[in-house]
Chemist: 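Quick one: this structure, given as structure tokens, is what I'll be asking you about.
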Amino acid sequence: MTSCHARFSAVALLFFVLGSLPSHAQPTLTFEPAPTVRGLTAGASIAWIGLGRVSVDSGIVIRRFDGIDIDTDGDGVVALAIDGAVPLRSIWIAVDLATGAVAVAAPGEFPDAPVDLVSTIIQISPLPIT
């Protein structure tokens, strides 16, 4: 079996396993003005990351925000504590670690709509076989 076929088989198996997992409601990620994740499993841990483009005196930098939080009060809502304001040109991802459900959102004009991670991953072509 070639390396390409092995990779395809591994990806197909991953989608089969993920497709057979119980479905859960997808959490939502909003900015009010702090990033807030709703629809989590009560008491669950959440892993999150945000990447934003920020203008500074010397030009433009990409700023990273990340963390792991716990829904301590069990209401299924976690406000993400970050330093400073949410960059308008940013993208955020939050994962409910109890279910694996993912929320993806952008607060402003970049991109115009939340990103569908599965279709993005599928569009990435594998490295050439050498």
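Hydrogens, waters and symmetry mates are skipped; everything else that's a heavy atom, side chains included, is used.
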Chemist: Between W48 and F65, is the gap from one ring center to the other below 6.0 Å?
Modeler: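 No, too far apart.
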
Chemist: Locate the shortest heavy-atom distance separating F31 from A105; write the atom from each residue and the value.
Modeler: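 Scanning both residues completely, I find the closest heavy atoms to be CE1-CB, 3.9 Å.
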
Chemist: If I take atom CG from residue L97 and atom CD1 from residue I68, how far apart are they, to the nearest 0.5 angstrom?
Modeler: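 One finds 6.5 Å between CG of L97 and CD1 of I68.
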
Chemist: Compare every heavy atom of L88 with every heavy atom of P107, then report the nearest pair and how far apart it is.
Modeler: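 For P107 and L88, the tightest heavy-atom pair comes out as CG-O, 3.9 Å.
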
Chemist: If you compare all heavy atoms of A98 against all heavy atoms of A44, which two are closest, and at what distance to 0.1 Å?
Modeler: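 Closest pair (atom of A98, atom of A44, distance): CB-CB, 3.9 Å.
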
Chemist: So if I apply the side-chain contact (heavy atoms from CB on, under 4.5 Å) rule between W92 and each of T30, V86, V37, V104, which one comes out positive?
Modeler: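 Among T30, V86, V37, V104, the one meeting side-chain contact (heavy atoms from CB on, under 4.5 Å) with W92 is V86.
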
Chemist: Given I93, which of I49, D66, L51 fulfils the side-chain contact (heavy atoms from CB on, under 4.5 Å) condition?
Modeler: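 Considering I49, D66, L51, a side-chain contact (heavy atoms from CB on, under 4.5 Å) with I93 is found only for I49.
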
Chemist: Is it the case that more than 12 heavy atoms not belonging to I70 sit under 6.0 Å from its CD1 atom?
Modeler: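 Incorrect, the count does not exceed 12.
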
Chemist: Checking the side chain of D96 only, and the main-chain atoms of T41 only, is there a donor and an acceptor separated by less than 3.5 Å?
Modeler: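 Here the side-chain-to-backbone pair exists.
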
Chemist: So, using side-chain contact (heavy atoms from CB on, under 4.5 Å) as the criterion, who are the partners of A34 when residues are at least two apart?
Modeler: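 A34 satisfies side-chain contact (heavy atoms from CB on, under 4.5 Å) with no other residue.
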
Chemist: Indicate every side-chain donor-acceptor pair of residues 72-85 with a distance under 3.5 Å to a residue at least two apart or in another chain.
Modeler:
residue : atom : partner : partner atom : Å
D73     : OD1  : D75     : N            : 3.3
D75     : OD1  : V77     : N            : 3.0

Chemist: What's the spacing between T36 OG1 and R38 CZ if we round to 0.5 Å?
Modeler: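 Between atom OG1 of T36 and atom CZ of R38 there are 6.0 Å.
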
Chemist: State whether the side chain of D71 and the backbone N or O of G43 hold a donor-acceptor pair below 3.5 Å, judged by distance alone.
Modeler: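 Pair found, side chain donor or acceptor close to backbone of G43.
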
Chemist: Any donor and acceptor pair, going by atom type alone, linking the side chain of Q26 with main-chain N or O of A103 inside 3.5 Å?
Modeler: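 No.
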
